[in-house]
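Here is the structure we will look at.
Each chain gets a letter, A, B and so on, in the order the sequences are listed, and its residues count up from 1.
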There are 2 protein chains.
Amino acid sequence: MSATIYDVAREAGVSMATVSRVLNGTAVVKDETKKKVLDAIQTLGYRPNAVARGLASKKTKTIGIIVPDVSAPFVAEMVRGMEDIATMYNYQIILSNSDAQADREIDLIGTMWEKQVDGVLFMGSQVTEELLQAFEQAQLPVVLCSTIDPEGRIPSVNIDNRQAAFDATRFLIEKGCKRILFLSGSSDHAVVGTPRQEGYQKALKQAGLPPQILECPSLRYEDGLKMLRESFHQIVVPDGVIAVSDELGVAAIHACLDAKLQVPDQVKVISFDNTRLAVMVRPELTTISQPIYDMGAVAMRFMTKLIHHENVEEYSFRLPYEITVRKST
Amino acid sequence: MSATIYDVAREAGVSMATVSRVLNGTAVVKDETKKKVLDAIQTLGYRPNAVARGLASKKTKTIGIIVPDVSAPFVAEMVRGMEDIATMYNYQIILSNSDAQADREIDLIGTMWEKQVDGVLFMGSQVTEELLQAFEQAQLPVVLCSTIDPEGRIPSVNIDNRQAAFDATRFLIEKGCKRILFLSGSSDHAVVGTPRQEGYQKALKQAGLPPQILECPSLRYEDGLKMLRESFHQIVVPDGVIAVSDELGVAAIHACLDAKLQVPDQVKVISFDNTRLAVMVRPELTTISQPIYDMGAVAMRFMTKLIHHENVEEYSFRLPYEITVRKST
DNA sequence: CTGAAAGCGCTTACAG
DNA sequence: CTGAAAGCGCTTACAG
């Protein structure tokens, strides 16, 4: 059995309350007393039991993170950003994967509540009424990350996806592209669907060019390549492609190469994200660079503010993005 | 305030102990009584407080995971495997990144102990005496994942790295390679260093071929490419390359292309891991395929056995690997 | 500046 | 099959 606060108190000849005070710095303690306590802690090798502390204080110093899938590089990088800031503020994280399944998401919110986390960082494809209700019921502070509540009822961290898609489209148009294909995520996805499609279409309309959208079942390379191979012969052959993820961007490049189309000479490709994959393929991908790590970090930083009731002016964060030009355009 | 077990007991007209029993199934409860309790739980929307439960039972249903960096795809996939099995057994995970820094690793073990996790899954580059001592002190069950204690004092899940490197080398030799370069991790790394170098050298010696090892500061693409570019003119130009990670494999391919060497015609490349990157580059990578997800899953499954004191025969798991042949060889 | 005591919300022998 | 009560290891008013 390891030492408890009671053992420390006895060893130091003080009360438990005093030990607690020097541990947490919640009140002034005479230097002399403090030293006795610190010595006792030292000799006993005492470490406070966070569970007991959590029960007594109703704060667990733990943040729940719900994401679709950590094994996706975009997500993993974001989670890393969250974790680093959590560490900085002495929080730990409980990580869960939802596979973007609505019922699993709801479930996980319940689990997070049972674990008494101090807050939840959430990434998912949609913010439904049921989800909102689950958060409401759990009475937990929530921050969305790379996830949007169209009604803006929950704080969130994103880039301006609509504008970014618009910019990407403009970029290709200015490069002379006339037949720009948009490789989209599911159109009801609040991030990689609707807003980006809108930005794309707005730019095309302004330029008097025809839109052509292909919706991928996922943002993964394999699915993108499969879909492109199946549909390449029945679509207008593009001279420009905008992909909503780097993996889809790579899929586009390879689909073109397989169809004997040179990238970037005959087809220019730009993708969203700028994960590390973008520089690991040839030609290197031109991307809409998202500050992925920072998005996670900002979300977690904001969470710590919510928890500590610091007054927060901003609510819906729009982080800057930029077009990183490489060899694919 | 949300309902407590006391509220449920009163609502159902039974004692807290009885509520606890139906909740945990720790004793037989009359059907009629059970129904009353279940109804009360339903109407109050009661969910047990896991923190209180943890304090009382001394089991938190939480597993700590310490990894160098979740944002590395290999790690992320492994973590996903761990999480899935944890979910299956009703455990949650606390995830922490050590950046492979020894002091940080020790620190994290302390934190995990404070959080009263039921066990720790650990991935790191080395198992030092200090680390072992920290685990000892924390009195936590530990399972190493893709990490080796040379003395075998801690259960672990790995592939046979020595044999795998031997096989990879044999594979290239049989393809006719005479000048095989080994792109290694730091040589004191217990997984990507020593054992793989040994397997490589053994195969070369058997074939009477000269070894040539390049040690990379990290397993990342950027670092590998940089190192190769700097040293390509001062080494024997290889006709075969074995890389200890897929990223280094891609770096090797690109370094060759930049030096006007055709892959696989003039240089054959094989890498370790078979992360998804392997199929996202051209030519697609031939790899020593590791069951990454499964390694995480097996480690977590073994942990649940340790926790429940199921008698465990095996201790040091050697999962199967295979050579997946693609276009780079 | 310090202590005594209640309480956080559960589980778990111990009785019956 | 069920209940009363102690206890898990802390924090936090409340007193002084």
For B:Arg301, is there any backbone N or O sitting under 3.5 Å from a side-chain donor or acceptor partner on B:Thr304? yes

Donor-acceptor pair, B:His308 side chain versus B:Glu310 backbone, under 3.5 Å? no

Validation: residues 120-138 of chain A side-chain donor-acceptor distances under 3.5 Å, sequence neighbours left out:
residue  : atom : partner  : partner atom : Å
A:Gln126 : NE2  : A:Asp188 : O            : 3.2
A:Thr128 : OG1  : A:Leu131 : N            : 3.2
A:Glu129 : OE2  : A:Arg153 : NH1          : 3.1

May I have the distance from B:Glu114 (atom CD) to D:dG9 (atom P), rounded to whole angstrom? 15 Å

Check whether any side-chain N or O of A:Asn24 sits under 3.5 Å from a backbone N or O of A:Thr26 as a donor-acceptor pair, and report yes or no. no

In residues 12-24 of chain A, what residues come within less than 4.0 Å of DNA chain D, judged by heavy atoms? A:Met16, A:Ala17, A:Ser20, A:Arg21, A:Asn24

Determine whether a donor-acceptor pair (N or O, by modelled atom type, separation under 3.5 Å) exists between the side chain of B:Asp294 and the backbone of B:Ala297. no

Check whether any side-chain N or O of A:Asp118 sits under 3.5 Å from a backbone N or O of A:Thr60 as a donor-acceptor pair, and report yes or no. yes

For the pair made of NZ in A:Lys61 and P in D:dT11, what is the distance, rounded to whole Å? 12 Å

Would you kindly give the CZ-to-C1' distance between A:Arg10 and D:dG9, to the nearest whole Å? 14 Å

Could you give the CG-to-C1' distance, from B:Leu55 to C:dG9, as a whole number of Å? 9 Å

Counting only heavy atoms and a strict 4.0 angstrom limit, can you tell me which residues of residues 30-37 of chain A come near DNA chain D? none

Listing, residues 7-19 of chain A side-chain donor-acceptor contacts under 3.5 Å, not counting sequence neighbours, or none:
residue : atom : partner : partner atom : Å
A:Asp7  : OD1  : A:Arg10 : NH2          : 3.3
A:Asp7  : OD2  : A:Thr4  : N            : 2.8
A:Asp7  : OD2  : A:Thr4  : OG1          : 3.4
A:Ser15 : OG   : A:Ala17 : N            : 3.4
A:Ser15 : OG   : A:Thr18 : N            : 3.3
A:Ser15 : OG   : A:Thr18 : OG1          : 3.3

Can you confirm whether the side chains of A:Gln92 and B:Lys115 place a donor and an acceptor under 3.5 Å from each other? yes

Once you round it to whole Å, what is the distance between P of C:dC10 and CG of B:Leu44? 12 Å

I want to confirm an ordering. Mapping B:Thr26 and B:Val51 to their closest nucleotides on DNA chain C, which one lands closer to the 5' end? B:Val51

Please give, in whole Å, the distance from D:dT12 C1' to A:Arg53 CZ? 13 Å

Determine yes or no for a side-chain-to-main-chain donor-acceptor pair under 3.5 angstrom, with A:Asp69 supplying the side chain and A:Asp99 the backbone. no

Does any N or O in the side chain of B:Ser156 come within less than 3.5 Å of the main-chain N or O of B:Gly152, such that one atom is a donor and the other an acceptor? no

Whole-Å gap separating C1' (C:dA4) and CD1 (A:Ile5): 14 Å

If you compare every side-chain N and O of B:Lys58 against the phosphate oxygens of D:dG7 (OP1, OP2), does one of them come in below 4.0 Å? no

Only Watson-Crick and G-U wobble pairs, only distances under 3.5 Å, only runs of 3 or more: what stems does that leave for DNA chain C? C:1-3 with D:14-16, C:5-12 with D:5-12, C:14-16 with D:1-3

Separation of C:dG9 P from A:Gln116 CD (nearest whole Å): 9 Å

Counting just side-chain N and O atoms, does B:Tyr6 come under 4.0 Å of either OP1 or OP2 of D:dG3? no

Side-chain donor/acceptor pairs under 3.5 Å, residues 31-40 of chain A, sequence neighbours excluded:
residue : atom : partner : partner atom : Å
A:Lys35 : NZ   : A:Asp39 : OD2          : 2.8

